[in-house]
Amino acid sequence: MASISILNLEKKYSPLHSVISGLNLEIKDKEFLVLVGPSGCGKSTTLRMIAGLETISGGILKIGERVVNDVPARERNIAMVFQSYALYPHMTVAENMGFALKLAHVPEPQIAKRVDEVAEILDIKDYLFRKPSALSGGQRQRVALGRAMVRNPDVFLFDEPLSNLDAKLRTHMRSELIKLHQKLDTTFVYVTHDQVEAMTMADRIVVMNDGQIMQVDTPKNLYANPNNLFVAGFIGTPQMNFIHAEILIQPDFLQLNAGCAIFKLPSLLKFRQKAEELKGKELVLGLRSENIKAEPFAGAAKIDLKVTMRELLGADAYLHCENDACKVCVRVSADNQLRIGDEHAFYFDPQKIYLFDRETGKSVLNRN
C-alpha cells in the first residue's frame, strides 16, 4: 500500500511545449482518486509519469517514501490497466494473467494459485482457458484487471479503462470497480474524461485543464462549491447556466443585475472581496438547471423566457429557453406541459446562485 506525492511536477516535450507545469498533488494511501478533464488537459500524461512510462522534466514524484523520478516502471510496484486492454491474443486468459509473474521467474504452482485466486474474485474462472478473441468487452476488461491484480501492486493506475464499453456495461463495471477497490483496500488512481465516472466512483476528484489543477475535492463539494468558472461548467449535466451580471449597491442591500433579472442578494452569502471592489466589474451569474423552477415559490427571483427546444430524458426533460438577455437550460419533470414556442415565467432561489469574476474566472461567493 502506498501514498503518492507529486511536487512541482513538469513535463516538457520541448522548451516551448509544456504539457504539465508545476503540478502539486497528494494522493492518500488506499484512496480512490480520479483525474478528470477535457482531452489534452494532461491527465493521462500525469498518470503515465506516475507509472514510469513518461520521463519527468522537473519536480519530484514519490511513491510512499521513495523518490521514483529515475526508477524504471518495472521497479515501482504499480500496475496499469489500459483503455485498449493490451491482452496477448495468442495466450489464454490464464497465461495473460500470469505473464508478469512468469517474467519475474515465480514458480509455476504459485502462478497458477495466484491466477486462480484473482479469477475467483473477478468471476472469470470459467474463461481461464479461452483466448481474448472469444471474450466480450467486459470479460476482456476483467482479464486486464486480473493481470494487474496478480502482482499485488502498491498502486493501481487506470487510463480510461471503460471507454470502449457500451453504456450499460460501463455502468455495471463502475460498480464492480468500486467493490474491487473496497475489497483490495489499496490506492487507485483513475483517469477519465467522463464526469459521471468521476462523480460516481471517486473519493476525491482532480479537475484538470491545460496542464493545471483547477480544483481537488470530494464529488459533493466539487458540485456544490466550484472554485472557478471552468469547474462550474465542467462538473454537472447539463452544464451550469452562465449569465453576465453586475453588482448594484443600494443603501441597505445589494442587488445583482443579470440583464434578464434584477434581484436582491441574500445577506447569508458572504463575499470573498468587499462588494465595493466588485462594483463595476463584469461578473458571471451561475444557475444550475435543477435550481430553476417553472412554478413560483417564496423568496424566488423571476426570469421571463421563451422555450426554444425540449429534450426528453426519461423521467426528466431539458427545456432550452431564452430571452433578449440570456439563454438558460431548465430541468423539469417529463410531465411538464411546456412546449417549443411557449413563453413562461421561471423562478430561482437567490440563495442557490453562483457568482464568478468574469476576468479571473474565480468564484466571489463563499458558502462555507
Do the side-chain N and O atoms of T192 and E160 include a donor-acceptor pair separated by under 3.5 angstrom?
no
Output all residues satisfying salt bridge (charged side-chain N to carboxylate O under 4.0 Å, His left out) with D116, sequence neighbours left out; order by chain, then residue number.
K125
Run the numbers on S21 and K12 for side chain to side chain donor-acceptor pair (under 3.5 Å), then give the verdict.
CA-CA 8 Å; S21 180; K12 296 181 179 179; over 6 Å; no
Can you classify the ring geometry of F158 versus F188 as parallel (below 30°), tilted (30 to 60°) or perpendicular (above 60°)?
tilted
Do the side chains of K362 and D357 get close enough for a salt bridge, i.e. N-O under 4.0 angstrom?
no
Treating Ile, Leu, Val, Met, Phe, Trp and Tyr as nodes and any side-chain heavy-atom pair under 4.5 angstrom as an edge, say whether L162 and I178 lie in one connected cluster.
yes
All N/O donor-acceptor pairs, side-chain side in residues 61-72, below 3.5 Å, sequence neighbours left out:
{"unit_1": "R66", "atom_1": "NH2", "unit_2": "E75", "atom_2": "O", "d": "2.7"}
{"unit_1": "N69", "atom_1": "OD1", "unit_2": "L61", "atom_2": "N", "d": "2.9"}
{"unit_1": "N69", "atom_1": "ND2", "unit_2": "G59", "atom_2": "O", "d": "2.8"}

Counting heavy atoms not belonging to H320, are there more than 12 under 6.0 Å from its NE2?
yes
Shared hydrophobic cluster for L184 and I124 (ILVMFWY, side-chain gaps under 4.5 Å):
yes
Measure up the F346 and H344 rings against each other and bin them: parallel (under 30°), tilted (30 to 60°), perpendicular (over 60°).
perpendicular
Hey, what do you get for CD1 (I205) to CG (D217), rounding to the nearest 0.5 Å?
9.0 Å
Distance only, no hydrogens: is a donor on one side chain within 3.5 Å (strictly under) of an acceptor on the other, for T187 and K28?
no
Is D123 atom CG crowded by more than 12 heavy atoms from other residues, nucleotides or ligands, each under 6.0 Å away?
no
Quick one: do I213 and L23 satisfy side-chain contact (heavy atoms from CB on, under 4.5 Å)? Show the steps, please.
CA-CA 7 Å; I213 292 177; L23 199 74; 3.3 Å; yes
Would R288 and Y223 count as a cation-pi pair here, with the cationic atom under 6.0 angstrom from the ring centre and within 45° of the axis?
yes
Where does the angle between the aromatic ring planes of Y354 and F356 fall among parallel (under 30°), tilted (30 to 60°) and perpendicular (over 60°)?
parallel
Distance in Å, L283 CG paired with I243 CD1, rounded so as to fall on 0.5 Å steps
13.0 Å
Steps toward side-chain contact (heavy atoms from CB on, under 4.5 Å) verdict (L122, M149):
CA-CA 10 Å; L122 294 173; M149 288 169 60; 3.9 Å; yes
CG on L35 to OG on S44, rounded to 0.5 Å
8.5 Å
How many angstroms lie between CG in N291 and NZ in K352, if you round to the nearest 0.5 Å?
5.0 Å
Path from L312 to V307 over hydrophobic side-chain contacts below 4.5 Å:
no
State plainly whether one hydrophobic cluster holds both I340 and V330, where clusters connect Ile, Leu, Val, Met, Phe, Trp and Tyr through side-chain heavy atoms under 4.5 angstrom apart.
no
Hey, are R204 and E31 close enough for a salt bridge, meaning a charged N less than 4.0 Å from a carboxylate O?
yes
When you measure from the side chain of R331 to the backbone N and O of S289, does any donor-acceptor pair fall under 3.5 Å?
no
Y318 and T237: CA distance, side-chain angles, deciding distance, side-chain contact (heavy atoms from CB on, under 4.5 Å) verdict:
CA-CA 10 Å; Y318 294 160; T237 303; 4.1 Å; yes
